[in-house]
Amino acid sequence: MRLQMINVQEFARRLSTCGADAFTSDDVVDLATAADVRISADVEIDATVAQRLLDQVSPTLPVTGAQIAASQWPPPESSRPAAPLVSFSSPGAVDGPADQPTRRRSSGSAGRGRRPGSRRTGR
């Protein structure tokens, strides 16, 4: 099996399609310097080197070194399952409003039936 390799410019182009930032050949050289990899414009990048360079990218990209150096680009959808989309909301938006009125009503009505100050002095 022949190892797939891409040049620095192609690596930068593929990185640019994965993330929000546009990468240049100079950016790839900077990544290589951070990863302690010797690289120049005429050096071909294989999957191992690609992974070391990807490890320097922040935030991490949803692609592996093998995928980015592969002959088929972009990688096929089935090669790596996509993470499900998750949306977060504030915890108060889900539980808080429904629970708070109930608590207020129950504590208010319970307080009316008791002697004044019997429980509240202990708080």
Side-chain angles (χ1 to χ4, degrees):
M1 182 174 150
R2 185 175 163 265
L3 288 177
Q4 297 294 321
M5 300 179 90
I6 57 175
N7 66 25
V8 171
Q9 289 176 335
E10 179 62 12
F11 186 84
R13 186 186 74 77
R14 292 181 181 192
L15 273 182
S16 296
T17 63
C18 291
D21 297 332
F23 287 86
T24 65
S25 297
D26 290 339
D27 295 326
V28 176
V29 171
D30 291 344
L31 292 173
T33 301
D36 201 24
V37 173
R38 298 187 94 183
I39 201 167
S40 65
D42 57 343
V43 170
E44 296 271 306
I45 298 172
D46 66 6
T48 304
V49 172
Q51 188 60 56
R52 287 180 67 186
L53 299 179
L54 286 173
D55 290 344
Q56 300 303 313
V57 177
S58 179
T60 58
L61 300 174
V63 67
T64 65
Q67 288 173 324
I68 208 164
S71 59
Q72 181 181 354
W73 183 259
E77 292 290 327
S78 62
S79 69
R80 183 172 180 149
L85 293 175
V86 178
S87 62
F88 294 95
S89 63
S90 120
V94 177
D95 317 52
D99 291 345
Q100 289 172 358
T102 305
R103 288 183 193 144
R104 285 184 191 137
R105 270 187 250 121
S106 63
S107 63
S109 62
R112 287 186 203 122
R114 297 177 185 264
R115 289 189 319 228
S118 64
R119 261 191 101 163
R120 292 189 180 166
T121 55
R123 288 187 179 176

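Because the structure is predicted, anything quoted here is derived from the model rather than measured. As a basis for the values below, the full set of heavy atoms in this structure was taken, side chains included, without hydrogen atoms, waters or symmetry mates.
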Quiz: residues 25-37 side-chain donor-acceptor pairs under 3.5 angstrom, not counting sequence neighbours:
from: Asp27; atom 1: OD2; to: Thr24; atom 2: N; distance (Å): 2.9
from: Asp27; atom 1: OD2; to: Thr24; atom 2: OG1; distance (Å): 3.2
from: Thr33; atom 1: OG1; to: Val29; atom 2: O; distance (Å): 3.0

Name all residues meeting the side chain to side chain contact (heavy atoms under 4.5 Å, CB included) criterion together with Thr48; count only those two or more places apart in sequence or in a different chain, and write none if there are none. Asp46
Under the side chain to side chain contact (heavy atoms under 4.5 Å, CB included) rule, collect the residues that match up with Asp55, sequence neighbours excluded. Gln51
Side-chain donor or acceptor of Gln67 paired with backbone N/O of Thr64 under 3.5 Å: yes
Flag, side chain of Asp21 to backbone of Phe23, donor-acceptor distance under 3.5 Å: no
[atom1] of [X] to [atom2] of [Y]: how many Å apart, nearest 0.5 Å?
X     : Y     : atom1 : atom2 : answer
Leu53 : Leu15 : CG    : CG    : 8.0 Å
Trp73 : Ile6  : CH2   : CD1   : 8.0 Å
Gln9  : Ile45 : CD    : CD1   : 10.5 Å
Cys18 : Arg13 : SG    : CZ    : 10.0 Å

Return the minimal non-hydrogen interatomic distance between Ala50 and Ile68, and the atom names on each side. CB-CG2, 3.6 Å
